[in-house]
Each structure stands twice: as structure tokens, then as C-alpha cells.
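See structure below.
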Amino acid sequence: MISVRNFFFGALTMSTFLPTKHNLREALLFCFNLKKSATDGHRLLCKAYGKHALSIKSCEYWFRRFKSGDFDTRDKERGGRPIKFEDDELEALLDDDSSQTQEELAETLGVTQQAISNRLKVMGMVQKQGNWVPYELKPGNIEHRICTCELLLKR
């Protein structure tokens, strides 16, 4: 016959429950109400949920919120999502004037310079001699260079 102790502890170790951030924050609020420290709360979460527990920094952050009287465990609203743009828009701007700086492109598209930098990197574009060019040459560009080299050699 299974003892009550083995039944409950066996069920806990065999559980496949994965806590959400909200679950973990609620558990931290429980620890806070028991007058535990953030470190103690973190230790308990690690003991219960292992690698799924919040970091010590997160626990400290939530304890500071609780101490300030904010017991809402939901995420706070943030500013709007960054404006997205299509690569086609960026390519069109580069076709018009490939010598534009990242700052100028960002201002035209209404996004951050970092967003432009990331997209240019993904598109494989690098700036050479003040112009944005593909990092890897396309077959047409390779052929154009070969023709130019042949003409220079004939001279």
C-alpha cells in the first residue's frame, strides 16, 4: 500500500507542470507575504522548478515592486511596437541613392538607425567608398567585372 507521504512527494517529482512567468511571480508574492527575502524566494523557486525558475535579478526586481506596494504580477504596458518596414522600401531608397547614410535612411523610413543596420546586414549590404553594395556579387555583377577586366587587359 502507498503511504500518503510517498503519494504526494512522488506526484511532485513526476509532475510535468511548466510554470509560466505569471505563476512564478505569484509564487514570489506568496514568499513576500511570508516575509521571505528575494534570495529565499529564488532558492525556493529553484528547488521547485529547477531551470524554469526566475533569475535572482528578476526575483529582486519583483520584491522591490511588492515593497513599493505594487502587487500586480502582470507585465506592465510598454510603449508601442517598433515600426516595421519592408526590405523593398529600403532597396528602393538604395536604388535611388546608394550613398545615403544609415541615419538618412532611418529618418526617411521613420525607424531607428539600428533597425536599418540590422536590415542591411541581413540583406548582405556593406558600404564601400560611400556607397551601399552587395557583400557578395551577383552573377551579373561578376560578369560585368570580368568584362571590365578583359577590356583593361586589351588596352
Side-chain angles (χ1 to χ4, degrees), residues 1-139 141:
M1 183 168 199
I2 298 176
S3 72
V4 172
R5 179 178 165 80
N6 288 339
F7 175 77
F8 283 114
F9 286 112
L12 288 176
T13 58
M14 294 171 43
S15 174
T16 58
F17 172 73
L18 291 178
T20 64
K21 287 181 182 180
H22 190 261
N23 296 139
L24 295 170
R25 293 170 188 166
E26 291 285 334
L28 276 181
L29 181 57
F30 178 75
C31 292
F32 177 80
N33 286 327
L34 289 175
K35 307 293 188 231
K36 300 284 185 189
S37 68
T39 307
D40 291 336
H42 177 255
R43 193 175 301 117
L44 289 169
L45 288 180
C46 287
K47 192 173 186 177
Y49 301 114
K51 67 179 181 179
H52 302 290
L54 296 174
S55 70
I56 184 67
K57 294 287 184 193
S58 293
C59 293
E60 290 168 351
Y61 167 79
W62 284 99
F63 266 69
R64 281 192 304 274
R65 270 184 66 172
F66 300 151
K67 283 179 186 172
S68 71
D70 183 0
F71 299 105
D72 186 4
T73 56
R74 293 173 290 176
D75 285 322
K76 288 186 175 178
E77 290 289 325
R78 292 185 174 193
R81 188 175 184 158
I83 300 170
K84 288 196 173 190
F85 63 95
E86 299 295 323
D87 288 346
D88 299 338
E89 297 174 69
L90 183 56
E91 284 180 28
L93 285 173
L94 291 175
D95 287 343
D96 291 344
D97 182 9
S98 65
S99 64
Q100 295 181 70
T101 64
Q102 288 184 15
E103 290 80 12
E104 292 169 338
L105 292 167
E107 188 176 320
T108 304
L109 292 172
V111 296
T112 64
Q113 179 270 327
Q114 187 61 48
I116 295 294
S117 177
N118 292 342
R119 293 313 310 155
L120 288 169
K121 192 177 286 185
V122 168
M123 291 168 58
M125 302 293 278
V126 293
Q127 196 169 31
K128 291 191 178 181
Q129 297 180 348
N131 291 318
W132 290 102
V133 295
Y135 180 73
E136 292 186 23
L137 295 175
K138 296 177 182 165
N141 296 18

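- The shortest distance between side-chain heavy atoms of Asn33 and Leu29 falls below 4.5 Å.
- Counting all heavy atoms, side chain and backbone alike, Ala38 lies closest to Ile56 at O-CD1, 4.1 Å.
- Under a cut-off of 6.0 angstrom, the local environment of CZ in Phe30 is sparse, with at most 12 non-hydrogen atoms contributed by other residues, nucleotides or ligands.
- Phe32 contributes atom CZ, which lies 5.0 Å from atom CZ of Phe71 (distance to the nearest 0.5 angstrom).
- Side-chain N or O atoms of Arg65 include one that pairs as donor or acceptor with a backbone N or O of Asp72 at under 3.5 Å.
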- Check against side-chain contact (heavy atoms from CB on, under 4.5 Å), Glu26 and His22: CA-CA 6 Å; Glu26 291 285 334; His22 190 261; 3.4 Å; yes
Return a table of donor-acceptor pairs under 3.5 angstrom between the side chains of residues 90-98 and protein atoms on other chains or two or more places apart.
from, atom 1, to, atom 2, distance (Å)
Asp97, OD1, Ser99, N, 3.1
Asp97, OD1, Ser99, OG, 2.6
Ser98, OG, Asn131, OD1, 3.3

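- Across Trp62 and Leu28, no two heavy atoms sit closer than the pair CB-CD1, 4.0 Å.
- Across every non-hydrogen atom of Gln127 and Gln100, the tightest pair is NE2-O, 4.1 Å.
- In this structure, Cys59 SG and Arg43 CZ are separated by 11.0 Å, a value rounded to the nearest 0.5 Å.
- Note that NE2 of His52 is 11.5 Å distant from SG of Cys46, once rounded to the nearest 0.5 Å.
- The heavy-atom pair separating Gln102 from Ser117 by the smallest distance is OE1-CB, 3.3 Å.
- Glu103 CD: more than 12 foreign heavy atoms inside a 6.0 Å radius.
- Atom-to-atom distance recorded for Glu104:CD and Leu109:CG is 12.0 Å, nearest 0.5 angstrom.
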- Audit row: Thr73, Phe66, side-chain contact (heavy atoms from CB on, under 4.5 Å) steps and yes/no: CA-CA 9 Å; Thr73 56; Phe66 300 151; 4.2 Å; yes
- Message: Test side-chain contact (heavy atoms from CB on, under 4.5 Å) on Arg119 and Ile116; report intermediate values, then the result.
- Response: CA-CA 5 Å; Arg119 293 313 310 155; Ile116 295 294; 5.9 Å; no
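- With hydrogens and angles disregarded, a donor-acceptor distance shorter than 3.5 Å links the side chain of His42 to the backbone of Leu54.
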- Query: Which is it for Asp40 and Cys31 under the side-chain contact (heavy atoms from CB on, under 4.5 Å) test, yes or no, and what are the steps along the way?
  - Reply: CA-CA 8 Å; Asp40 291 336; Cys31 292; over 6 Å; no
